[in-house]
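Comments concern the structure below.
Values below: every heavy atom of this structure, side chains too, minus hydrogens, waters and symmetry copies. Per chain, numbering begins at 1; letters A, B, ... match sequence-line order.
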Number of protein chains: 2
Amino acid sequence: MGTHSLDLTFAALADPTRRAILSMLLEDDMAVTDVAEPFDMSLAAISKHLGILAAAGLIAQEKRGRVKWCKLEPDALRAASVWMQSFGQFEAVNLDAFEAFLAHELAADPDAD
Amino acid sequence: MGTHSLDLTFAALADPTRRAILSMLLEDDMAVTDVAEPFDMSLAAISKHLGILAAAGLIAQEKRGRVKWCKLEPDALRAASVWMQSFGQFEAVNLDAFEAFLAHELAADPDAD
DNA sequence: ATAATCGTCAACCATTTGGTTGAATATGCG
DNA sequence: CGCATATTCAACCAAATGGTTGACGATTAT
């Protein structure tokens, strides 16, 4: 998982409008115009935000007819999540061992934290 | 856990220099000058990066004598992780437990990486 | 006391970011 | 065809970002 894609992912997540868009897309796939509707902002601005989310791999966009549908694409979020879990030391650790450790932790004390 | 602090957290994480600093601090607390040493960048620039990390709550800085020590402060990362969990697709992670695990990994296999 | 070290501050610069507007490009509808 | 709808493009703008350098205050060492 490259440094560059983490740059894009975190930068994309740093904007509240974009996080709100992701939350909206969690409920359903949406057309660009419908994504833009609740925001006090031009359609072009929302289109740019969607482009940034797509470039980061956080959403996918598919054009059907004249409508461009936007859907959540969780892989990039997952990658960022993994980085946060490992603090960038991901390559230094044995992931299988970590997953086993994590499973054990959660099973042993699911209410921890 | 407001929107503003998530802005700061993700924006801070979006820079590879700052993520590298966090990784360094995972191993040990460090003085500002020592944080700066491996980077091809002025001390002032690193000082700014550390200020951004501190403003985001990702690190804490404590001045002892003329040396300012930097230590990891995992709460903000935890908040960002919680936000990601709101997407429902990410396992909850006990960060403290992970740090213990990682310390053990590094102690057992210091040449990894 | 003088000098070296630690770190920040202030001013500056180039680039990026987040927004605007108006024109342009598809696509669908009557 | 002719018009409305969906979306992007291009040019522009203000503000933020990431870096530099040199001066500075505070602390420690000789």
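- Between the CG atom of A/Leu8 and the C1' atom of C/dT16 there is a distance of 13 Å, rounded to whole Å.
- A/Thr33 has no side-chain polar atom (N or O) that falls below the 4.0 Å cut-off from OP1 or OP2 of D/dT5.
- Atom CD of B/Glu37 and atom CE of B/Met24 lie 8.0 Å apart (nearest 0.5 Å).
- Linking ILVMFWY side-chain heavy atoms closer than 4.5 Å, directly or via other members, places A/Val67 and A/Leu25 in two distinct hydrophobic clusters.
- The OG1 atom of A/Thr17 lies 13.5 Å from the NZ atom of A/Lys48; values are rounded to the nearest 0.5 Å.
- Between the side chain of A/Arg18 and the backbone N or O of A/Leu13 there is no donor-acceptor pair closer than 3.5 Å.
- A/Ser47 places no side-chain N or O within donor-acceptor distance of the main-chain N or O of A/Leu43, the cut-off being under 3.5 Å.
- Between the CZ atom of B/Arg19 and the CG atom of A/Asp7 there is a distance of 4.5 Å, given to the nearest 0.5 Å.
- When every heavy atom of B/Ala55 is checked against every heavy atom of B/Leu8, the shortest pair comes out as O-CD1, 3.8 Å.
- The distance between atom CG of B/Leu43 and atom P of D/dT20, rounded to the nearest whole Å, is 11 Å.
- We find that NE2 of B/His49 is positioned 16 Å from P of C/dC9, with the value rounded to whole Å.
- Residue A/Val67 has its side chain nearest to D/dA6 when only C/dG7, D/dA6, C/dC9 are considered.
- Nearest nucleotide to the B/Ser42 side chain, out of C/dT20, D/dT20, D/dG18: D/dT20.
- For the pair B/Leu50 CG and C/dT8 C1', the computed distance is 12 Å after rounding to whole Å.
- In terms of polar N and O atoms assigned as donor or acceptor, the side chain of A/Arg66 never comes within less than 3.5 Å of the base of D/dT7 in a complementary pairing.
- Each of B/Asp29, B/Ile52, B/Leu22, B/Ile21 was compared with B/Ile59 under the side chain to side chain contact (heavy atoms under 4.5 Å, CB included) criterion, and only B/Leu22 meets it.
- One interatomic measurement links the two molecules: CG of B/Asp34 to P of C/dT5, which rounds to 14 Å at whole-angstrom precision.
- For A/Arg18, whose side chain is taken as the heavy atoms from C-beta onward, the closest listed nucleotide among C/dC6, C/dG18, D/dT7 is C/dG18.
- One end of the helix from C/dG7-D/dC24 to C/dG30-D/dC1 points its axis 30° away from the other end's axis, with each axis taken from 5 pairs and the angle rounded to 10°.
- Backbone-only engagement by B/Ala31 is indicated by non-hydrogen atom pairs under 4.0 Å involving sugar-phosphate atoms exclusively.
- As rounded to whole Å, 11 Å separates atom C1' of C/dG19 from atom CG of A/Asp15.
- For the segment residues 51-64 of chain B, residues with any heavy atom less than 4.0 angstrom from an atom of DNA chain D are, sorted by number, B/Ile52.
- Proximity of A/Lys48 to the phosphate of C/dT17: no side-chain N or O atom is located under 4.0 Å from OP1 or OP2.
- Under 4.0 angstrom from either OP1 or OP2 of D/dT8 there lies at least one side-chain N or O belonging to A/Ser47.
- The separation between A/Met41 atom CE and C/dT17 atom P is 16 Å, rounded to whole Å.
- Protein atom CE of B/Met30 is 15 Å distant from nucleotide atom C1' of C/dG7, rounded to whole Å.
- We find the CG-CD distance between A/Leu50 and A/Gln61 to be 5.5 Å, quoted to the nearest 0.5 Å.
- Under the 4.5 Å side-chain heavy-atom criterion for ILVMFWY residues, a single connected hydrophobic cluster contains both B/Val35 and B/Leu72.
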